[in-house]
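To find a chain, count down the sequence lines: A is the first, B the second, and so on, and within it residues start at 1.
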Protein chains: 2
Amino acid sequence: MNLKNQVEWALHCCAVLSNLPEGRYLSARSLSEFHGVPKEYLGKALQGLSKAGIVHTTLGPSGGYRLALPAGEITFLNVVEAVEGRKSTFQCSEIRANNPCRPGDFCDDKPCAIARVMWKADEAWRQTLAAVSLADLQQTLQQDLPAEILRRSTEWLLDRAG
Amino acid sequence: MNLKNQVEWALHCCAVLSNLPEGRYLSARSLSEFHGVPKEYLGKALQGLSKAGIVHTTLGPSGGYRLALPAGEITFLNVVEAVEGRKSTFQCSEIRANNPCRPGDFCDDKPCAIARVMWKADEAWRQTLAAVSLADLQQTLQQDLPAEILRRSTEWLLDRAG
DNA sequence: GAATGCCTACTCGGATAATTACTGTCCGAGTTGTCTTGG
DNA sequence: CCAAGACAACTCGGACAGTAATTATCCGAGTAGGCATTC
């Protein structure tokens, strides 16, 4: 089981959009060029973000995407769930019901014990993702990246932002 | 991204094998019949457990599988990794290197900040799974299930255990 | 009656198809900025 | 010179193929128990 590569792309796009001044938009074309990924397919990931209300879109020339909320109010979990969907990574198919020793009309009062453990782990995963916001990421990136690259990247993006 | 259904099957099989008396074996045929899943495909999941050293196998009539370790020393994580593989759910493809504003020879001293967060979440997931052993599961099941079903199931299994 | 050797039936393990999900691509509907034209 | 209208280019969104991974199946190598045979 692997996360889609769209998750990675979506997160990187959000990181870029976090640096955009209020009210400016950046097109899927520019985002794909910046990250070196196919434009059309990246569009699908951004579409997911749009449906989830994480980004706002505008059409026409100088149109594109911007964050729909302050970077501090968008978490990794929001982005991941927007692309991957919200359902648990573990699906319980209730095979315990196939046990030949069970009465046919027997009804369990609790979810399967195995599923409970798997879901708890899934919850821990989501909690970790929910604890980090795009603002946190922005701060980390500013510490990690050389100022020169950051400056040039910002300039590059502003040149293309509508 | 979904976990394979083999993960679920493998865990249920381990739960059953935990209840088996020392030295007895249970065949893939019986395990598949007990859980109502295709025999041949279940075999592949058990094969994974075998390669990981979680179960021990014997051939011939009255052959099959048994746990290779005490139930208290086998964790959910062991079983999940035996079937799913050990690599992280998130793969960083280093698209940050495609940034057109980077010097071509620039070399990052840290892993990508986004990947670090995703890997941390993955780690939290694994830690939760590593905290629960098959012995814990066995105890939970004995509390959850009616004694009657447990007794009949054990009897059913012992009838078929070699 | 007991021991030995052969045989059969059953086991797991890896190699082979069918299905599903992911990855990537294309085209159409809609909007905004620009240019032309007229007042 | 200014305003209005038409145009063109660019945008996103959903519909359409190609590829990889998961799901399912089949067959062969190997082993342990059972049975017949012999002593």
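The environment of CD in B:Q142 is crowded: more than 12 heavy-atom neighbours from other residues, nucleotides or ligands sit within 6.0 Å.
Of all the residues in residues 2-27 of chain A, A:K4, A:N5, A:W9 reach under 4.0 Å from DNA chain C with at least one non-hydrogen atom. Against DNA chain D, the stretch residues 81-101 of chain B makes no heavy-atom approach under 4.0 Å. Within residues 29-57 of chain A, the residues that have a heavy atom under 4.0 Å from DNA chain C are, in order of number, A:P38, A:E40, A:Y41.
Overall bending of the helix from C:dG1-D:dC39 to C:dG39-D:dC1, expressed as the angle between end axes built from five pairs apiece, is 0° (10° steps).
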List the atom pairs, donor and acceptor, that lie under 3.5 Å between side-chain atoms in residues 43-67 of chain A and the rest of the protein, sequence neighbours left out.
residue	atom	partner	partner atom	Å
A:H56	ND1	A:Y25	OH	3.0
A:T58	OG1	A:Y25	OH	3.2
A:R66	NE	A:Y25	OH	3.0

Please tabulate, for the side chains in residues 70-93 of chain A, all donor-acceptor contacts under 3.5 angstrom to protein atoms that are two or more places apart in sequence or on a different chain.
residue	atom	partner	partner atom	Å
A:T75	OG1	A:L77	N	3.3
A:T75	OG1	A:N78	N	3.1
A:T75	OG1	A:N78	OD1	3.0
A:N78	OD1	A:T75	N	2.9
A:E81	OE2	A:R126	NE	2.9
A:E84	OE1	B:M1	N	2.7
A:E84	OE2	A:K4	N	2.8
A:S88	OG	A:F90	N	3.0
A:S88	OG	A:F90	O	3.3
A:T89	OG1	A:D122	OD2	2.7
A:S93	OG	B:E8	OE1	2.8
A:S93	OG	B:E8	OE2	3.2

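For the pair A:S62 and A:M1, nearest-nucleotide mapping onto DNA chain D gives the more 5' position to A:S62.
In terms of modelled atom types and a separation under 3.5 Å, the side chain of B:R102 and the main chain of B:N98 share no donor-acceptor contact. Without hydrogens or angle criteria, B:D136 side chain to B:S133 main chain gives a donor-acceptor distance under 3.5 Å.
Checked by atom type, the side-chain pair B:N99/A:S153 shows a donor-acceptor distance below 3.5 Å.
By the side chain to side chain contact (heavy atoms under 4.5 Å, CB included) test, A:R151 is found to be paired with A:E148, A:E155, residues two or more places apart in sequence or in another chain being considered. The side chain to side chain contact (heavy atoms under 4.5 Å, CB included) test applied to A:R24 returns A:L20, A:P21, A:L158, A:A161, not counting sequence neighbours. A search for side chain to side chain contact (heavy atoms under 4.5 Å, CB included) contacts involving B:V16 returns B:L26, B:L31, B:F34, B:H35, B:L157, not counting sequence neighbours. Among residues two or more places apart in sequence or in another chain, the salt bridge (charged side-chain N to carboxylate O under 4.0 Å, His left out) test is passed with A:R96 by A:E94, A:D108. Judged as a side chain to side chain contact (heavy atoms under 4.5 Å, CB included), and not counting sequence neighbours, the contacts of B:R116 are A:T140, A:D144, B:K110, B:P111, B:A113.
Closest contact between the side chain of A:Y65 and the listed nucleotides C:dA9, D:dG13, D:dA9 involves D:dG13.
The list of ring-ring contact (aromatic ring centres under 6.0 Å, His included) pairs with a residue in residues 124-144 of chain A, not counting sequence neighbours, is empty.
Atom CG of A:L59 is separated from atom P of C:dT31 by 7 Å (rounded to the nearest Å).
Under the 4.5 Å side-chain heavy-atom criterion for ILVMFWY residues, a single connected hydrophobic cluster contains both A:W9 and A:L141.
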